[in-house]
Enquirer: 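Following this message is one structure expressed as structure tokens.
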Protein chains: 2
Amino acid sequence: MQLEQIVMSLRDEGHRITPQRIAIMDYLLHTKDHPSADQVHSVVRKRYPMTSLSTVYKTLDLLREKKLVNEIEVWGEARFDAQVDEHINLVCLNCGNIEDIDEKALKNIQAKIAKKSDYLIIKGSFEMHGYCSKCKTEFQ
Amino acid sequence: MQLEQIVMSLRDEGHRITPQRIAIMDYLLHTKDHPSADQVHSVVRKRYPMTSLSTVYKTLDLLREKKLVNEIEVWGEARFDAQVDEHINLVCLNCGNIEDIDEKALKNIQAKIAKKSDYLIIKGSFEMHGYCSKCKTEFQ
DNA sequence: TATTTATTGATAATGATTCCTATTAACAAT
DNA sequence: ATTGTTAATAGGAATCATTATCAATAAATA
């Protein structure tokens with residue numbers, strides 16, 4: 001999704017477009033870091049020093065509600081990602097790095113479970129934990 | 001896994017077997033609640049009032065390290081489960097209820113990802129979020 | 001340009017988890 | 001069975017991510 005589209009859809013729903021919100025969205029759209037709220041704050045602050053941590057939290061809440069960002073919990077901390085399509089998050093147990101990986105079979109599984117279980121399924125959240133390419137040499 | 005086996009394997013590794021540890025393990029082995037540390041504490045306390053929350057946390061840490069319990073994060077809170085085989089956790093977005101569901105295809109996916117990615121995969125963690133049978137009528 | 005009110009920033013409050021340490025008790029050795 | 005060693009416990013303090021509060025600010029509209 002493009003920044004322009006996101007801005008328009010937010011504006012359409014009556015939300016105000018502030019420099020802080022643009023900076024946060026722009027950063028998330030262009031990074032693969034899966035940053036925490038605190039990381040978002042320090043990165044955005046470099047260009048927009050007037051951005052507070054409260055605002056970062058509130059903006060991330062808004063973007064999550066609108067399903068414009070995905071949130072996963074790692075080590076008791078929320079990590080954010082503009083990739084909102086169904087995918088698997090690879091989480092490094094050593095350095096905390098996160099990578100996205102696509103897997104077509106997820107859709108099938110999701111459909112199967114939706115049938116099999118008595119839950120009304122809204123979304124999947126799939127993680128695999130291990131050691132990333134940089135860390136794995138130390139741990140095998 | 002049976003309580004007896006767990007006790008033996010812990011003792012073999014030099015860990016002491018205390019009434020608190022037995023009570024915690026016994027509860028986890030016999031519930032489907034996926035309780036939080038606090039819930040474990042209050043349930044165990046009914047039978048063993050001398051059990052402290054610190055001890056619950058430390059016992060859960062130990063059991064997690066020994067891969068005798070599974071831990072997942074829901075709403076910023078850890079939830080525990082004696083089911084340690086690969087499975088999917090169904091999480092209710094309304095009441096926080098968690099159910100386990102088996103899905104053979106997970107093994108295939110895990111194998112595929114292990115090949116496809118450059119991560120050294122240790123374990124998977126699969127969740128599907130939605131509304132449980134009790135809650136879903138209010139939300140559709 | 002003025003008006004309305006959502007948003008922001010700063011700080012306090014919350015709550016799950018971890019840390020700390022004197023006391024207790026499991027268990028091995030006697 | 002008794003004792004000694006030391007892991008485990010209790011309970012309170014500390015930590016830290018997140019949420020709540022609210023006066024000041026600035027988008028958006030007329």
Side-chain angles (χ1 to χ4, degrees), chain A residues 3 6-25 27 34-66 68-69 71-80 91 96 98, chain B residues 3 6-27 34-66 68-69 71-80 96 98:
Chain A
L3 184 59
I6 295 177
V7 165
M8 275 177 53
S9 76
L10 287 181
R11 205 194 301 269
D12 283 352
E13 296 179 54
H15 299 288
R16 294 180 182 177
I17 306 306
T18 65
Q20 292 92 334
R21 284 178 173 176
I22 289 180
I24 291 166
M25 292 185 285
Y27 167 50
H34 298 74
S36 65
D38 209 58
Q39 283 175 281
V40 172
H41 182 227
S42 35
V43 170
V44 165
R45 224 166 212 285
K46 287 176 192 162
R47 286 200 293 160
Y48 300 85
M50 77 294 281
T51 307
S52 74
L53 185 56
S54 322
T55 295
V56 170
Y57 272 108
K58 256 171 283 182
T59 300
L60 291 171
D61 280 353
L62 176 66
L63 295 175
R64 183 175 14 72
E65 272 171 33
K66 299 301 166 199
L68 298 170
V69 302
E71 176 182 340
I72 68 171
E73 287 262 335
V74 175
W75 301 341
E77 197 181 40
R79 305 276 294 267
F80 299 88
V91 181
I98 302 176
Chain B
L3 184 57
I6 295 177
V7 166
M8 276 177 53
S9 75
L10 286 180
R11 205 195 302 268
D12 283 351
E13 296 180 54
H15 299 287
R16 294 180 182 175
I17 306 307
T18 65
Q20 292 90 336
R21 283 179 173 174
I22 290 181
I24 292 166
M25 291 185 286
D26 189 53
Y27 167 51
H34 297 75
S36 65
D38 209 59
Q39 283 174 282
V40 172
H41 183 228
S42 35
V43 170
V44 166
R45 225 169 212 286
K46 286 177 193 159
R47 287 200 292 160
Y48 300 85
M50 77 293 281
T51 307
S52 74
L53 185 56
S54 325
T55 296
V56 170
Y57 271 108
K58 254 172 284 181
T59 300
L60 292 171
D61 281 352
L62 176 66
L63 296 174
R64 183 174 14 70
E65 272 170 33
K66 300 299 167 201
L68 297 169
V69 302
E71 176 181 340
I72 68 172
E73 287 262 336
V74 175
W75 300 341
E77 198 181 40
R79 305 277 294 267
F80 300 88
I98 302 177

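Only a predicted model underlies this, so the values are computations on that prediction, with no experimental measurement involved. Throughout, protein chains are lettered first and strands after them, A, B, ... in sequence-line order, and every chain is numbered starting at 1.
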Enquirer: When the distance from CD1 of B:I22 to C1' of D:dT9 is rounded to whole Å, what number comes out?
Expert: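 These atoms are roughly 15 Å apart.
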Enquirer: B:R45 has an atom CZ; how far is it from atom P of D:dT9, in whole Å?
Expert: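 Going from B:R45 (CZ) to D:dT9 (P), I get 14 Å.
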Enquirer: Verify salt bridge (charged side-chain N to carboxylate O under 4.0 Å, His left out) between B:D61 and B:R64, making sure each step is shown before the conclusion.
Expert: CA-CA 5 Å; B:D61 281 352; B:R64 183 174 14 70; 2.8 Å; yes
Enquirer: Using a cut-off of 4.0 Å between protein heavy atoms and nucleotide atoms, how would you tag nucleotides 15-21 of chain C 5' to 3' with B, S and -?
Expert: -SBB-B-
Enquirer: Sequence neighbours excluded, which residues qualify as side-chain contact (heavy atoms from CB on, under 4.5 Å) partners of B:S42?
Expert: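 side-chain contact (heavy atoms from CB on, under 4.5 Å) check on B:S42 returns nothing, list empty.
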Enquirer: Apply side-chain contact (heavy atoms from CB on, under 4.5 Å) to B:V43 and list each qualifying residue two or more places apart in sequence or on a separate chain.
Expert: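 Per chain and number, B:V43 pairs via side-chain contact (heavy atoms from CB on, under 4.5 Å) with B:Y27.
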Enquirer: Whole Å only: how far is the OH atom of A:Y48 from the C1' atom of C:dT8?
Expert: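 So the OH-C1' distance, A:Y48 to C:dT8, works out to 16 Å.
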Enquirer: Rounded to the Å, how far apart are B:D12 CG and C:dC27 C1'?
Expert: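 Nearest whole value for this atom pair: 14 Å.
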Enquirer: Return the set of residues passing side-chain contact (heavy atoms from CB on, under 4.5 Å) with B:R47 (not counting sequence neighbours), or none when no residue passes.
Expert: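 So B:R47 forms a side-chain contact (heavy atoms from CB on, under 4.5 Å) with B:D26.
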Enquirer: With sequence neighbours left out, which residue pairs that include part of residues 13-24 of chain B fulfil the side-chain hydrogen bond (donor to acceptor under 3.5 Å, both in side chains) condition?
Expert: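 Every pair satisfying side-chain hydrogen bond (donor to acceptor under 3.5 Å, both in side chains) with a residue in residues 13-24 of chain B: B:E13-B:K66.
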Enquirer: Checking A:E77 side chain against A:V74 main chain: does a donor-acceptor pair fall under 3.5 Å?
Expert: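 Here the side-chain-to-backbone pair does not exist.
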Enquirer: I need the CD-C1' distance between B:E65 and D:dA7, as an integer number of Å.
Expert: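 For the pair B:E65 CD and D:dA7 C1', the rounded distance is 15 Å.
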Enquirer: Judged by atom type as modelled, is there a donor-acceptor pair below 3.5 Å linking the side chain of B:T59 to the main-chain atoms of B:T55?
Expert: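 A pair under 3.5 Å: yes.
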Enquirer: Where the side chain of B:E65 meets the backbone of B:L62, is there a donor-acceptor pair that is under 3.5 Å apart?
Expert: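 Absent.
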Enquirer: What string of B, S and - do you get for nucleotides 24-30 of chain D 5' to 3' if you count protein non-hydrogen atoms under 4.0 Å?
Expert: --BBS--
